[in-house]
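Order of listing sets the numbers, starting from 1, for every ligand and every atom in it. Computation of the quantities below employed the complete heavy-atom set of this structure, encompassing side-chain atoms and omitting hydrogens, waters and symmetry-equivalent molecules.
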Amino acid sequence: MNCACNPVQNGYRTSQHPCFSFEAKHKYARIHMPVAPRCNINCNYCNRKFDCLHESRPGVTSEILTPESAREKYDFVKDRVENLSVVGIAGPGEALANWNETKSTIELIKKSNPNVIFCLSTNGLMLPDYADQLVELGVRHVTVTVNCLTPEIGKRIYQFVNYQGKRYQGAEGAAILTKNQLAGIERLTRQGVVVKVNIVMIKGINDGHIPEIVKKVKDLSVFITNIMPLIPAKGSAFEYMSQTPMKEVNKMRNICRDELQQMYHCTQCRADAIGLLGEDRSLEFSGLWSRKAI
Ligand code: CLF
Ligand code: SF4
């Protein structure tokens with residue numbers, strides 16, 4: 001039986017998604033389409049010269065593609081990379097702050113490749129607005145980064161949030177962000193979308209709060225959480241903070257796994273990553289489309 005509650009059997013081929021399934025990691029590849037340069041919030045760990053840290057290592061810059069060049073790149077790469085099962089949009093900014101580009105990219109690739117698994121990573125601010133359209137587009141795997149549940153913690157992580165034409169600073173912005181993240185996740189999971197939640201573990205700011213986040217998103221039927229280390233980006237407000245040691249990240253994952261399945265195999269990719277996780281081939285294909293970049 002195909003059941004939306006069981007993503008392994010839900011017909012969405014989660015078992016062929018290298019991030020959502022550990023077993024798929026060594027066999028199935030993904031390609032990220034860097035079509036989303038703008039962002040609508042300001043995280044203190046971000047330096048916008050580089051890719052969005054919610055899915056990327058700091059200090060990595062990706063080329064930016066138009067939807068048409070993304071489709072051409074996909075067509076070129078799919079014949080050269082074995083088991084390319086997933087097309088993901090993970091920046092270099094925020095996918096939903098570049099909705100037209102994100103939507104067109106998915107539509108264009110889907111038109112000639114109906115069996116692709118589409119995946120998207122978002123900060124969640126615009127999720128209540130776009131969740132239904134993502135479902136309509138056929139996106140069945142979404143990652144939302146949720147670093148806190150309270151504005152008191154949020155104001156230490158986010159400088160501002162641009163929402164509906166207005167800029168909200170600190171706690172006010174963080175409250176809007178959290179509300180929209182949780183509402184958006186619920187809207188997706190209710191419709192059977194398989195949701196992963198990324199959490200950046202920031203020592204002294206949200207580390208003690210992470211088990212609560214995991215519990216909350218489990219209640220919203222999230223499939224898996226991915227607790228990631230803070231890797232301070234040069235030029236960001238958190239530049240002088242220390243990197244969260246992987247030993248402590250794994251300890252937190254172990255604490256939280258009794259509550260919900262944990263991801264242990266994230267490689268913090270680039271926004272233009274290509275290939276198996278941990279065997280990035282993006283440089284092999286980069287530049288080929290740069291003349292068409294925005
Ligand atoms: Fe890309 Fe992210 Fe989709 Fe995977 S990455 S949009 S869910 S296809 Fe994967 Fe990379 Fe970790 Fe992300 S290893 S950073 S979890
Ligand atoms: Fe930077 Fe990503 Fe945060 Fe936007 S959501 S500010 S791109 S880390």
> For ligand 1, is any non-hydrogen atom under 4.0 Å from H141's backbone (N, CA, C, O), its side chain (CB onward), both, or neither?
Replying inline: neither

> Given that the side chain starts at C-beta and the backbone is N, CA, C, O, which of these parts of C39 lies under 4.0 Å from ligand 2, counting heavy atoms, or is it both or neither?
Replying inline: side chain

> Do Q191 and D132 have side-chain N/O donor and acceptor atoms under 3.5 Å apart?
Replying inline: yes

>> Any heavy atom of E94 closer to ligand 2 than 4.0 angstrom?
In response: no

> N83 and S85: side-chain donor and acceptor closer than 3.5 Å?
Replying inline: no

> Side chain, backbone, both or neither: which part of H265 has a heavy atom under 4.0 Å from ligand 1?
Replying inline: neither

>> Does the plane of the ring in F20 sit parallel, tilted or perpendicular to the ring in H141? Use 30° and 60° as the thresholds.
In response: perpendicular

> Between Y130 and W99, how do the two ring planes meet: parallel, tilted or perpendicular, split at 30° and 60°?
Replying inline: parallel

> Protein N/O/S atoms under 2.8 Å of atom 10 (Fe) of ligand 1?
Replying inline: C269 SG

> Among protein heavy atoms, which lies nearest atom 15 (S) of ligand 1, and at what distance?
Replying inline: K196 NZ, 3.2 Å

> With distance as the sole criterion, is a donor-acceptor pair present between the side chains of E23 and S15 under 3.5 Å?
Replying inline: no

> So which protein heavy atom does atom 1 (Fe) of ligand 1 come closest to, and at what separation?
Replying inline: H32 NE2, 2.1 Å

> Can you list the ligand 2 atoms lying under 4.0 Å from a non-hydrogen atom of R48?
Replying inline: 1 (Fe), 7 (S)

>> When you compare the side chains of K78 and N113, does any donor N or O come within less than 3.5 Å of an acceptor on the partner?
In response: yes

> Do T145 and N123 have side-chain atoms, one donor and one acceptor, less than 3.5 Å apart?
Replying inline: no

> For atom 5 (S) of ligand 2, what is the nearest protein heavy atom, given as residue, atom name and distance?
Replying inline: H54 CE1, 3.3 Å

> Which protein heavy atom lies closest to atom 1 (Fe) of ligand 2, and at what distance to 0.1 Å?
Replying inline: C46 SG, 2.3 Å

> Could R48 and F50 be counted as a cation-pi pair, given that NZ or CZ must be under 6.0 Å from the ring centre and within 45° of the axis?
Replying inline: no

> Any idea which atoms of ligand 1 are less than 4.0 Å away from a heavy-atom of C119?
Replying inline: 3 (Fe), 6 (S), 7 (S), 8 (S)

>> Do R253 and Y264 form a cation-pi contact, if we require the NZ or CZ to be under 6.0 Å from the six-membered ring centre and within 45 degrees of the ring's axis?
In response: yes

>> If the cut-off is 2.8 Å, does any N/O/S atom of C43 fall short of it from atom 3 (Fe) of ligand 2?
In response: yes

> At a 4.0 Å threshold, what atoms of ligand 1 neighbour a non-hydrogen atom of T143?
Replying inline: 7 (S)

> When you check the side-chain N and O atoms of N198 and N226, is any donor under 3.5 Å from an acceptor?
Replying inline: yes

> When you check the gap from the basic side-chain N to the acidic O, do E63 and R270 get nearer than 4.0 Å?
Replying inline: no

> For atom 2 (Fe) of ligand 2, what's the nearest protein heavy atom and its distance?
Replying inline: C52 SG, 2.2 Å

>> We want to know whether Q268 and S56 form a side-chain donor-acceptor pair, criterion being a heavy-atom distance below 3.5 angstrom.
In response: no

